[in-house]
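These numbers were taken from a predicted model, which means no experiment stands behind them.
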Amino acid sequence: MDIKDIDSRLSGFYNLTPDMRRKLAAQHASLSSEDLSGLTAQGSLSLEQADLMIENTIGLMAMPFGIAVYFRVNQRDVLVPMVIEEPSVVAGASFMAKLARKGGGFEASSTEPVMIGQIQLLDLPDLQAAENLLLEYKERILDQANRCDSTLQRLGGGARDLQIRRFPESPVGPMLIVHLLYDVRDAMGANSINTALESIAPDIEAITGGRVHLRILSNLADQRLARASCRIPVDTLAFNTYRGEQVRDGIIEAWAFAEVDSYRAATHNKGIMNGIDAVVLATGNDWRAVEAGAHAYAARSGRYSSLSRWWKEEDGSLAGSLELPLALGIIGGATRVNPAAKAALALLQVKTARELAEITAAVGLAQNLAALRALATEGIQRGHMSLHARQIAVAVGAPAQAAARIASQMVAEQNLTPERAQQLLESWKPSASENPKNNRQENNPSENSQTLEK
Ligand code: MEV
C-alpha cells in the first residue's frame, strides 16, 4: 500500500455535513470507493455478515463514526477514526492534537507484538523439578508451537520463549504456570496463541508428568506495549482568563491525584480509554481485551494507579506520556469483515499492527489531556450542560437547526427544562445562518465544550 502524505489539519471540519466530511476524509486518505461505501448506511455491516459473526443475530446497532483531526504521530499526519456514543470525545482529542502539534505532535513506540499464552499445570509433586524439565525441553516445546502456523513463521512471527511461574500454595494445591511468549505479528493473536497452547499441552504433560488444565491467552499483554508522549509549549495552554502556567500546573496536580488515589485513577484511566476504545472499536478490534489489559496493567505495582504521567519540562512546557498493553490487529477477526472497520484501517493508512497501537496510544494521551485540562480549569459541566440542553431541545421535537439556538438560550437562562425548550421551539424562526446548507457550526453538539477543536 502506498502511504499518501496527508494533512490532518482539516480546519473547520466540524462545520461540514457528515456527507461532506466523509468525502473530504476519503479524498485526503485516498480511500477506494469500496472503503468509502463501508461508511455509509447501505455499505456498512449487513445482516447476513452479522449473522455469521455471532449467534442468534436479530439485527444491528449503529454507532457514530467520527474522525479526530490534527493528529501527527511520529512525524506523520493521520486522520483518526473513532466510534463512540459519548459527545465531546472526538472534539477533545482533536483539540488536544492541535495543541500537541505545536510541540511537534506525538512520539510513539511499541514493543514487538508478543502475546502471552498460559498453561495451568496441576498434580505435580515437585514444582522445581517440573520447572527444570520444562526449561531443559524448552526448544522442543517452542518448535512444536511453531509447527502450528507456518504462515506466521514465514511472516517472522512465532514462539519466542517459555517462562515458568510457581504457585506452591494455590487454593487447589501446588500449581505451575507456563507462559508461552508468542509473536503474532499483525494479528490480535488470540486464535494463533490459543491454537499453539493446545498443541504444546500434551508434550508439557508428557515432560512433567503433571496434568494440564487451562490453556488460554492472557489479556495482561505486558509484552506487547505501546507508548506515546507529547510536549505542549506552555503558552499554548492559555485560554480565556487562564494563564498557560496555571493550566499546566493544574493538569499536573490533577494527574498527581490519579497517581496516588485508585478511586480517581479509575476515572482518569476511563478518560484515557474513551479515546483508546473508540479507535479500537472503529478498527474492529476486541475492546474488552484492551480494557482488561489496560486496567490490569494499571494495577501492576499492586496498587491501581494512573496509566499516564504528566510533568513540567525544564523549558516550562507540559509533557505527558502513556504506556499500556495494546493487543490490536490489522488482519483477522472483525477488522476485515466489517466494512466500516476496513474503511477505518484504510483511513489510518497503517501498515502494521504496531503502528495502529502507537497511534491509538497517542489518542489515549490526547484524551487524557482533554479531560485534565477541562477538569483543572472550568470543569467539564459547562460543555456537558449545553449538550444536555441540546438533547432536551431535540427531545421536544426541535429540528437540528433550532436545537443549538434553543440549547444556548436555555443554558444562558440556566433553565434546562422540556417546558422551556417547548416555549422556545414555538417561538423559533430559522435565520439564514441556521440553514444547514449555509453553516453547520451552530449545530456542533460540543460547541461550548472546552474540549472542542477551535
Ligand atoms: C468522562 O467520560 C471522562 C472523564 O471523567 C475522565 C476524567 O475524569 O479524567 C472526564
**Q.** Sidechain-backbone polar pair: E198 side chain, T195 backbone, donor-acceptor under 3.5 Å
**A.** no
(Q) Show the nearest heavy-atom pair for residues A353 and G329, with the distance to one decimal. (A) CB-CA, 4.2 Å
(Q) I'd like to know if D203 and R140 make a salt bridge, using a cut-off of under 4.0 Å between side-chain N and carboxylate O. (A) yes
Q | Within-4.5 Å side-chain heavy-atom neighbours: V80 and I67 | A | no
Q | From CA spacing to verdict: side-chain contact (heavy atoms from CB on, under 4.5 Å), L162, V178 | A | CA-CA 7 Å; L162 216 57; V178 182; 3.9 Å; yes
Q) Heavy-atom distance under 4.5 Å between the side chains of L326 and L225, does that happen here? A) no
Q. Among side-chain atoms of S8 and R101, is any donor-acceptor pair under 3.5 angstrom?
A. yes
(Q) What I want to check is whether the side chains of W255 and N368 have a donor and an acceptor closer together than 3.5 Å. (A) no
Q: State the OG-CG distance between S308 and L324, to the nearest 0.5 angstrom.
A: 10.5 Å
Q: Check the pair I54 / T57 against side-chain contact (heavy atoms from CB on, under 4.5 Å), numbers first and verdict last.
A: CA-CA 6 Å; I54 64 160; T57 302; 3.5 Å; yes
**Q.** Any donor-acceptor N/O pair, Q49 side chain to N338 backbone, under 3.5 Å
**A.** no
Q: Spell out, as yes or no, whether a donor-acceptor pair under 3.5 Å connects the side chain of N269 to the backbone of S305.
A: yes
Q) Stepwise, does the side-chain contact (heavy atoms from CB on, under 4.5 Å) test hold for R21 with V69? A) CA-CA 11 Å; R21 290 189 200 117; V69 291; over 6 Å; no
**Q.** Any side-chain heavy-atom pair of M96 and Q367 under 4.5 Å
**A.** no
Q. Stepwise, does the side-chain contact (heavy atoms from CB on, under 4.5 Å) test hold for Q118 with L217?
A. CA-CA 6 Å; Q118 298 191 291; L217 93 166; over 6 Å; no
Q.
What's the separation between atom OG in S88 and atom CD1 in I380, rounded to the nearest 0.5 Å?
A. 8.5 Å
Q: Check whether more than 12 heavy atoms from other residues, nucleotides or ligands sit under 6.0 Å from atom OH of Y304, and answer yes or no.
A: yes
Q.
I'd like to know if the side chain of N240 and the backbone of Y242 have a donor-acceptor N/O pair within less than 3.5 Å.
A. no
Q. In terms of side-chain geometry, is the basic nitrogen of D249 or K312 positioned less than 4.0 Å from the acidic oxygen of its partner?
A. no
Q: Measure across S317 and I232 and return the closest heavy-atom pair with its distance rounded to 0.1 Å.
A: CB-O, 3.1 Å
Q | Side-chain donor or acceptor of N274 paired with backbone N/O of V89 under 3.5 Å | A | no
**Q.** Over 12 non-hydrogen atoms of neighbours within 6.0 angstrom of NE2 in H179
**A.** yes
Q. Do E112 and R354 sit within salt-bridge range, that is, some charged N less than 4.0 Å from a carboxylate O?
A. yes
Q: Check for a donor-acceptor pair, side chain of T360 on one end and backbone N or O of L356 on the other, with a separation under 3.5 Å.
A: yes
Q) So do the side chains of I272 and L365 get within less than 4.5 Å of each other, counting heavy atoms only? A) no
**Q.** Heavy-atom closest pair, residues A29 and Q349
**A.** CA-NE2, 3.7 Å
Q) Taking atom CG of L31 and atom CZ of R22, what is their separation to the nearest 0.5 Å? A) 11.0 Å
Q. Any sub-3.5 Å donor-acceptor pair from S199's side-chain atoms to C148's backbone N or O?
A. no
Q | A294 to L307 - nearest heavy-atom pair and separation | A | O-CD2, 3.6 Å
Q.
Would you say CD of E313 has more than 12 non-hydrogen atoms from neighbouring residues, nucleotides or ligands within 6.0 angstrom?
A. yes
Q) Any Lys/Arg nitrogen of D277 or K270 sitting under 4.0 Å from an Asp/Glu carboxylate oxygen of the other? A) no
**Q.** Spatial distance of atom OG (S94) from atom OH (Y70) [nearest 0.5 Å]
**A.** 9.0 Å
Q. Is I276 close to V363 at the side-chain level, that is, under 4.5 Å between some pair of heavy atoms?
A. no
Q: Flag yes if more than 12 heavy atoms outside L47 fall under 6.0 Å of its CG atom; otherwise flag no.
A: yes
Q.
A quick test of your reading: do over 12 heavy atoms of other residues, nucleotides or ligands sit less than 6.0 Å from CG of D143?
A. yes
Q) With side chains defined as the heavy atoms from C-beta onward, is the minimum distance between F95 and R373 less than 4.5 Å? A) yes
Q. Of all heavy-atom pairs between N194 and R215, which one has the smallest distance, and what is that distance?
A. OD1-O, 4.5 Å
Q: Please tell me if the side chains of L121 and I177 come closer than 4.5 Å, counting only heavy atoms from C-beta onward.
A: no
Q: Examine the side chains of E358 and S110 and answer whether a donor and an acceptor come within less than 3.5 Å of each other.
A: yes
**Q.** Pair E259 + R264: basic N to acidic O under 4.0 Å
**A.** no
Q: Answer yes when R165 and E131 have at least one side-chain N-carboxylate O distance shorter than 4.0 Å, and no when they do not.
A: no
Q. Are the side chain of R248 and the backbone N or O of G316 linked by a donor-acceptor pair below 3.5 Å?
A. yes
Q) CG/L180 to OG/S218 distance, rounded to the nearest 0.5 angstrom? A) 12.0 Å
Q. What closest approach, in Å, do A361 and L322 show between heavy atoms, and which atom pair accounts for it?
A. O-CD2, 3.3 Å
**Q.** Q120 side, atom CD; L176 side, atom CG - distance, nearest 0.5 Å
**A.** 10.5 Å
(Q) Checking salt bridge (Lys or Arg N to Asp or Glu O under 4.0 Å) between E323 and each of R224, R227, R309, which is the one that passes? (A) R227
Q) Is it true that a side-chain atom of S262 and a backbone atom of A265 form a donor plus acceptor pair closer than 3.5 Å? A) no
Q: Answer yes or no: is there an ion pair linking R231 with D315, defined by an N-O contact shorter than 4.0 Å?
A: yes
Q: Verify salt bridge (charged side-chain N to carboxylate O under 4.0 Å, His left out) between D161 and K138, making sure each step is shown before the conclusion.
A: CA-CA 8 Å; D161 203 2; K138 180 160 131 177; 2.7 Å; yes
Q) Does N146 use its side chain to pair, donor to acceptor, with the backbone of G158 at less than 3.5 Å? A) no
Q: For the residue pair F71 and D77, establish whether any side-chain heavy-atom pair is separated by less than 4.5 Å.
A: no
